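Order of the sequence lines fixes the chain letters, A, B, ..., with proteins taken first and strands second; residue numbering starts at 1 for each chain. FYI, side chains are in, hydrogens and waters are out, and symmetry mates aren't considered; it's all heavy atoms of this structure. Just so it is clear, the model here is predicted, and its values are computed rather than measured.
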There are 2 protein chains.
Amino acid sequence: MNPIFHALFQKSRYLTNCLNEVLKQHNLYSSQWTILYCLHSNGPMTLTQIWKYLNVEAPSITRAITRLETLGWVLRIDGEDKREKIVTLSPYAEENLPAITKTILAFEEEMVGTLTVEEQQQFLILLEKMKG
Amino acid sequence: MNPIFHALFQKSRYLTNCLNEVLKQHNLYSSQWTILYCLHSNGPMTLTQIWKYLNVEAPSITRAITRLETLGWVLRIDGEDKREKIVTLSPYAEENLPAITKTILAFEEEMVGTLTVEEQQQFLILLEKMKG
DNA sequence: CCAATTTATTTACCTAGCTAAATAAATACT
DNA sequence: AGTATTTATTTAGCTAGGTAAATAAATTGG
């Protein structure tokens with residue numbers, strides 16, 4: 001297999017595992033945090049908005065939101081269009097997000113800080129240049 | 001989240017899905033193919049050799065090998081050390097691997113061919129430079 | 001206005017990774 | 001030799017992604 005694929009998949013797995021490790025202190029998994037951050041940035045969103053934004057399929061988000069709701073991080077509210085559910089951060093989430101964000105920023109700095117800003121830009125350009 | 005992470009995870013998911021799509025014609029999933037290719041390159045291997053080589057945990061490989069064995073792609077043979085199982089490609093696998101390899105090479109060319117050789121090297125260097 | 005189609009969400013079930021703990025064989029220690 | 005530790009594999013159970021199909025509400029067309 002082309003070493004690029006192997007290296008890319010491997011780094012992706014590795015970074016996900018590291019992120020999970022670091023988020024343990026906040027009782028969160030990386031994908032849960034991704035959703036919380038998404039809601040923090042964009043405000044209340046429907047499930048469809050979330051999965052389209054994060055580029056995953058709907059059932060993944062349904063499940064993740066169900067867990068986040070059970071754990072008290074988010075609330076599901078019926079929309080005017082009664083097919084849709086609007087998801088909002090709970091007060092608990094709002095309260096805890098700053099500390100989590102701090103953890104994440106430190107993690108990102110640790111992982112990506114080994115690259116200069118130019119290298120980071122170059123990396124993104126090359127990633128985008130791969131077909132897709 | 002740092003856009004590098006988002007982009008990396010997303011591309012990784014995307015490429016895996018594409019690879020699965022392309023491998024459907026051979027009735028294989030990408031991770032199954034990874035193991036077949038590993039055995040093709042290295043010859044018979046124990047489970048431990050496989051998971052260390054592929055950089056995943058042992059249970060993932062146990063399950064994958066069980067499926068590959070059921071499907072007739074590989075054989076599990078007891079080693080001299082009776083704790084270990086040695087995995088080999090079946091004749092069926094040997095017979096079909098060339099066609100699959102052809103499919104994979106075309107896929108890789110399609111995906112990565114948008115980068116020059118220098119860009120591919122640069123990409124690998126940057127990936128490695130991220131902590132890990 | 002009602003049937004057909006579309007859209008939003010959910011359910012069921014699959015691969016694929018992970019950790020923790022169980023088993024069984026080999027090795028090391030005293 | 002007999003116990004303790006290590007090593008290889010497996011099992012159980014978790015997150016996280018995917019597809020296909022079910023459900024329910026909204027929209028469209030005749």
Please list, for nucleotides 3-6 of chain D, all pairs of protein and nucleotide N/O atoms separated by less than 3.5 Å.
none

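- Regarding A:R13, its CZ atom lies at a distance of 18 Å from the P atom of C:dT15, rounded to whole Å.
- For the residue pair B:L19 and A:F9, the shortest heavy atom distance occurs at CD2-CE1, 4.3 Å.
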What donor-acceptor contacts under 3.5 angstrom involve side-chain atoms of residues 39-49 of chain B, with partners at least two apart or in another chain?
residue : atom : partner : partner atom : Å
B:S41   : OG   : B:Y37   : O            : 2.9
B:T46   : OG1  : B:Q49   : N            : 3.1
B:Q49   : OE1  : B:T46   : N            : 2.9

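- Interatomic distance, CD of A:E128 versus CD of B:Q10, reported as 8.5 Å (0.5 Å rounding).
- Comparing A:E84 and B:S60 along DNA chain C, the residue whose closest nucleotide (by nearest heavy atom) sits nearer the 5' end is A:E84.
- Clustering ILVMFWY residues whenever any of their side-chain heavy atoms sit less than 4.5 angstrom apart, transitively, puts A:L89 in the very cluster that holds A:Y53.
- Following rounding to the nearest Å, B:Q10 (CD) and D:dG17 (P) show an atom-to-atom distance of 11 Å.
- Atoms CG (A:N17) and P (C:dA20) sit 12 Å apart, rounded to a whole Å.
- Residues in residues 22-47 of chain A take part in these salt bridge (Lys or Arg N to Asp or Glu O under 4.0 Å) pairs, two or more places apart or across chains: A:E21-A:K24.
- Between A:L126 and B:Q122, the closest heavy-atom pair is CD1-CG, 3.9 Å.
- The side chain of B:K82 contributes no N or O atom lying less than 4.0 Å from OP1 or OP2 of D:dT9.
- Atom C1' of nucleotide C:dA16 and atom CG of B:L15 are separated by 16 Å, given to the nearest angstrom.
- Across residues 20-57 of chain B, B:T46, B:L47, B:T48 each have a non-hydrogen atom less than 4.0 Å from an atom of DNA chain D (numbered order).
- When side chains are defined from C-beta on, B:F107 counts as touching B:C18, because their heavy atoms get closer than 4.5 Å.
- In terms of position along DNA chain D, the nucleotide closest to A:I61 lies nearer the 5' end than the nucleotide closest to the other residue of the pair A:E80 and A:I61.
- Not a single donor-acceptor pair under 3.5 Å links the side chain of A:K129 to the backbone N or O of B:E119.
- Distance check, rounded to the nearest 0.5 Å: CD1 of B:I35 to CZ of B:R67 gives 8.5 Å.
- Comparing atom distances between the B:P59 side chain and each of C:dA16, D:dT15, D:dT11 picks out D:dT11 as nearest.
- One N or O donor and one acceptor, one from the side chain of A:R63 and one from the base of D:dG18, sit under 3.5 Å apart.
- Near DNA chain D, defined here as any heavy-atom distance below 4.0 Å, there are no residues from residues 70-79 of chain A.
- For B:E69 and D:dT10, the CD to C1' distance is 13 Å, given to the nearest whole Å.
- For the residue pair B:F5 and A:M111, the shortest heavy atom distance occurs at CZ-CB, 3.7 Å.
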Can you give the donor-acceptor pairs under 3.5 Å from side chains of residues 70-78 of chain A to other protein atoms, not counting sequence neighbours?
residue : atom : partner : partner atom : Å
A:T70   : OG1  : A:T66   : O            : 2.8
A:R76   : NH1  : A:E69   : OE1          : 2.6
A:R76   : NH2  : A:T62   : O            : 3.4
A:R76   : NH2  : A:T66   : OG1          : 3.0

